Amino acid sequence: MPAEIRVRFAPSPTGYLHVGGARTALFNYLFARRSGGTFILRIEDTDRGRFQESALEEIYQSLRWLGLDWDEGPQKGGEVGPYIQSERLDRYQKYADQLIQSEHAYRCFCTPQRLEEVRLKREKEKQSTGYDRLCRDLTPAQIEENLAQNKPYIVRLKIPAGRTVSFNDLIRGKIDYQSDILDDLVLLKTDGFPTYHLANVVDDHAMRISHVLRGDEWIASTPRHVLLYEAFGWTPPLFAHMPVILDPSGGKLSKRKGAASVMDYKRTGILPEALFNFIAFLGWSPGDEREKMGREEMIEAFSLENISPKASVFDEKKLEWMNGLYLHDHSAESLVRDVFPLLKAKGFISSEANEHDPIVVSAISLLKDRSRRLTEIVENASYFFIDPVSYEEKAVIKYFAKGTKAVFETLIDKLDGMIEFNQVSLDKLYHEYSTASGVAIGELIHPTRLAVSGVSFGPGLFELMQALGKETVFRRIKTAISWLEKNSATLQ
RNA sequence: GGUCCCAUCGUCUAGUGGUUAGGACACAGGAUUUUCAUUCCUGCAACAGGGGUUCAAUUCCCCUUGGGACUACCA
């Protein structure tokens with residue numbers, strides 16, 4: 001184990017941060033925190049064609065939302081910066097030159113057209129594809145001539161022949177590649193920008209990265225990286241490749257099939273600590289039977305050895321279950337900030353209303369324990385703010401009968417006589433009325449709920465009535481009375 | 001096509017050379033509850049197949065099958 005643990009998450013700002021990337025970041029974070037190491041964020045924006053400013057913003061936002069704060073990186077600084085590769089271009093150029101000098105790399109003047117032809121020809125001949133190394137043996141004179149003509153060129157690494165290149169993947173064990181099937185990878189592009197491979201190796205070395213924890217799509221590139229380290233005379237870091245996260249049909253997670261980005265989950269009412277917990281358990285487990293684990297507990301328990309090499313499927317049902325657990329832990333007050341804007345967007349709340357309106361807290365507090373997402377709270381919250389405009393059809397059949405009107409009229413009288421309109425006294429009143437009249441308590445409660453909320457399910461009736469207040473309850477029961485009058489013919 | 005990776009309930013996973021293969025989600029049933037939800041109980045359900053090695057393999061090895069990644073002047 002290297003003396004100093006330094007890891008990095010190195011996303012490319014070409015799109016939103018998806019959950020796979022988030023989990024890689026998370027494992028880097030946990031590993032760093034567990035070992036007292038340093039977690040670095042580095043932006044790999046060497047593909048200026050696919051760069052998106054908004055993607056960069058979203059990456060920062062997603063990481064922050066999940067609480068994956070980096071120790072060194074953009075917006076934070078650090079002694080081995082800058083941490084954005086486009087701000088480090090001169091270095092890559094310099095190192096490429098160094099490799100040409102030491103004859104570990106060479107200039108390739110082949111045109112994209114020729115490369116394409118080579119590829120097609122090799123494919124047809126069922127050979128392994130790859131560059132045919134035409135420019136590898138150019139004489140100094142030929143190179144001079146091409147340079148003099150200002151021919152565009154790229155820089156390629158000379159892959160040595162007949163070598164077995166191996167590296168030890170921390171979660172898969174030893175992996176071997178024969179160097180003969182590796183092609184001479186591009187280090188520097190025509191535009192002077194480095195490829196991922198060069199920039200990555202140069203920066204990991206410059207930033208003294210001890211462990212590279214990245215997605216397993218990089219496994220096949222790793223032997224080339226090892227050779228690159230060798231060409232520079234550097235010791236490679238330790239590697240660990242994370243398995244992919246799949247959607248339930250076994251394919252890649254995508255926006256089309258549902259949520260894929262971290263922000264999608266935020267938008268659909270998932271709590272950051274729930275996503276954090278859930279994602280960590282995709283490919284990792286503490287080795288015992290714990291499922292719900294907070295950040296600190298997870299840091300305590302984390303180890304690379306417990307990461308499975310197997311791809312896992314993202315099960316949203318389980319995420320929702322877990323989110324429900326975290327929702328339960330939260331106080332209503334702590335959820336107001338996130339829920340209030342959603343209530344406003346639904347039109348339940350007028351624009352001048354403020355977050356501290358007690359009905360908002362009441363609604364959240366009564367709904368959160370029966371919801372799995374913040375959005376579910378909001379979907380069921382309408383009657384806290386707006387009188388029901390209709391009654392749930394099935395519930396009408398079940399709970400509104402010919403005699404209901406009379407019951408409501410009596411109730412109204414009794415309610416009116418109440419000194420304190422709260423949960424306890426309401427409970428008492430209903431039970432006393434039930435006993436006195438011989439009407440089953442359910443025959444009182446269910447119709448009242450329907451009158452007051454418009455639906456047959458929800459929080460306990462008396463807490464709901466207290467939250468709504470006497471005035472609103474009265475108004476709604478009266479509305480129900482006239483509705484019953486009007487529709488008496490259809491009632492059983 | 002080539003190279004590499006992977007394989008325990010539908011899903012996330014624990015686990016061991018000898019276990020009734022454990023837990024969780026989901027699903028089904030039941031109990032509690034004024035409804036819904038929660039909670040509790042019960043049930044359903046897995047070692048991909050074939051060869052080895054071994055007294056004994058789900059576990060170790062090989063093959064097959066299936067899935068995936070890479071095979072760009074993208075990362």
Side-chain angles (χ1 to χ4, degrees), chain A residues 10-14 44-47 49-50 108 110-112 115-116 119 122-130 152-156 169 172 175-178 180-183 185-197 199-200 214-223 241 243-244 246 248 250-252 278 281-292 306 308-322 324 328 367-372 376 380 395 398-399 427 430-431 434 440-446 448-450 453 455-462:
Chain A
S12 198
T14 56
E44 311 224 322
D45 59 342
T46 56
D47 184 350
R50 294 202 304 155
C108 169
C110 291
T111 61
L115 260 23
E116 183 60 25
R119 187 175 16 253
R122 290 194 159 221
E123 225 170 80
K124 210 185 289 173
E125 290 166 3
K126 298 207 187 248
Q127 280 179 290
S128 68
T129 52
Y153 66 87
I154 57 177
V155 177
R156 288 181 185 274
D169 185 285
R172 281 160 233 267
I175 297 176
D176 295 322
Y177 276 84
Q178 295 309 312
D180 294 330
I181 62 114
L182 270 25
D183 65 343
L185 81 161
V186 178
L187 263 21
L188 216 56
K189 307 180 228 176
T190 329
D191 63 4
F193 275 66
T195 58
Y196 168 87
H197 308 288
N200 196 262
R214 65 196 348 171
D216 68 4
E217 71 270 23
W218 294 109
I219 289 180
S221 298
T222 305
H241 292 94
V244 289
L246 272 15
K252 266 195 213 156
F278 179 74
F281 274 69
L282 253 27
W284 176 81
S285 88
D288 50 42
E289 284 174 356
R290 283 177 291 179
E291 294 261 15
K292 179 165 177 280
N306 285 333
S308 150
K310 190 191 148 199
S312 48
V313 173
F314 196 101
D315 179 2
E316 239 177 80
K317 278 262 173 62
K318 191 157 185 176
L319 203 215
E320 286 184 336
W321 162 77
M322 188 164 272
H328 192 90
L367 291 172
K368 74 181 183 67
D369 291 346
R370 32 178 52 78
S371 303
R372 324 195 93 180
E376 199 181 332
N380 292 311
K398 205 165 167 194
Y399 300 127
D427 191 314
Y430 267 70
H431 277 91
S434 168
I441 188 78
E443 307 274 312
L444 263 27
I445 285 174
H446 300 309
T448 309
R449 179 197 310 287
L450 189 56
S453 73
V455 291
S456 63
F457 55 90
L461 180 64
F462 308 125

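This structure is a prediction, so every number in the text was calculated from the model and none was measured. Quick note on labels: first sequence line is chain A, next is B, and so on, each numbered from 1.
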Return the nucleotide paired to [N]: Watson-Crick means purine N1 to pyrimidine N3 with N6-O4 or O6-N4, wobble means G-U with N1-O2 and O6-N3, both under 3.5 Å.
N	value
B:A21	none
B:C44	none
B:U3	B:A69
B:A56	none
B:C36	none

Rounded to the nearest 0.5 Å, how far does [atom2] of [Y] lie from [atom1] of [X]?
X	Y	atom1	atom2	value
A:L246	A:F314	CG	CZ	12.0 Å
A:Y177	A:T222	OH	OG1	7.5 Å
A:R449	A:L444	CZ	CG	12.5 Å

Worksheet item: Which one, B:A75, B:C73, B:G22, comes nearest to the side chain of A:E289?
Response: B:G22
Over all atoms of both residues, closest heavy-atom pair of [X] and [Y]:
X	Y	value
A:S308	A:P243	O-CG, 3.2 Å
A:T195	A:V186	OG1-O, 2.8 Å
A:F278	A:D315	CZ-O, 3.4 Å
A:D47	A:K189	CA-NZ, 4.0 Å

Between [N] ([atom2]) and [X] ([atom1]): distance, integer Å:
X	N	atom1	atom2	result
A:E116	B:A72	CD	P	9 Å
A:I175	B:C5	CD1	P	6 Å
A:L115	B:U71	CG	C1'	14 Å
A:K252	B:G67	NZ	C1'	15 Å
A:I181	B:U71	CD1	C1'	9 Å
A:Y177	B:G2	OH	P	15 Å
A:H241	B:A75	NE2	C1'	13 Å
A:I219	B:U71	CD1	P	13 Å

Discussion item. Heavy atoms only, 4.0 Å cut-off, all strands: where does A:D176 land among base, sugar-phosphate and nothing?
Written reply: sugar-phosphate
Worksheet item: Under 4.0 angstrom, heavy atoms only, what part of the nucleic acid is A:G324 near: base, sugar-phosphate, or nothing?
Response: nothing
Discussion item. Here's a test of your reading of the structure: between A:Y196 and A:A220, which maps to the more 5' nucleotide of RNA chain B?
Written reply: A:A220
Worksheet entry | 5′-ward residue of the pair A:G250/A:P112 relative to RNA chain B | A:G250
For the [atom1] atoms, the ones on [N] and on [M], what distance do you get once it is rounded to whole angstrom?
N	M	atom1	result
B:C27	B:U64	C1'	34 Å
B:A37	B:A31	P	15 Å
B:G68	B:U11	P	14 Å
B:U13	B:A48	P	15 Å
B:A26	B:U32	C1'	23 Å
B:A72	B:G10	P	38 Å
B:C44	B:G50	C1'	30 Å
B:C61	B:A28	P	41 Å

Just the atom pairs and distances: protein N or O near nucleotides 60-66 of chain B's N or O, under 3.5 Å.
none

Worksheet item: For A:R119 and B:U71, is the shortest distance between a side-chain N/O and OP1 or OP2 below 4.0 Å?
Response: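 Answer no for this pair, as no side-chain N or O of A:R119 is under 4.0 Å from OP1 or OP2.
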Discussion item. Could you work out, with salt bridge (charged side-chain N to carboxylate O under 4.0 Å, His left out) as the rule, every residue matching A:D191, not counting sequence neighbours?
Written reply: A:R48
Worksheet item: Can you check side-chain contact (heavy atoms from CB on, under 4.5 Å) on A:L450 and A:H446, steps first, answer last?
Response: CA-CA 6 Å; A:L450 189 56; A:H446 300 309; over 6 Å; no
Practice prompt. Summarise how protein sits on nucleotides 6-13 of chain B as a single string, 5' to 3': B when a protein heavy atom is under 4.0 Å from the base, S for sugar-phosphate-only contact, - for no contact.
Written response: SSS--SBS
Worksheet entry | Annotated protein contacts, base or backbone, on nucleotides 33-41 of chain B with a non-hydrogen cut-off under 4.0 Å, one of B, S, - each | -BBBB----
Item to complete: Inspect the contact between A:E320 and A:K317 and indicate whether a charged nitrogen and a carboxylate oxygen are less than 4.0 angstrom apart.
Response: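 No.
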Practice prompt. Using a 4.5 Å cut-off on heavy atoms from C-beta on, say whether the side chain of A:P459 contacts that of A:R370.
Written response: yes
Fill in: Parallel, tilted or perpendicular: ring planes of A:W218 versus A:Y196, cut at 30 and 60 degrees
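Judged by the thresholds at 30° and 60°, the geometry between A:W218 and A:Y196 is parallel.
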Worksheet item: For A:K292, what residues pass the side chain to side chain contact (heavy atoms under 4.5 Å, CB included) criterion, not counting sequence neighbours?
Response: A:N277, A:L325, A:Y326, A:D329
Discussion item. Suppose the criterion is side chain to side chain donor-acceptor pair (under 3.5 Å): which pairs have a residue in residues 281-290 of chain A, not counting sequence neighbours?
Written reply: A:D288-A:R290, A:R290-A:E297
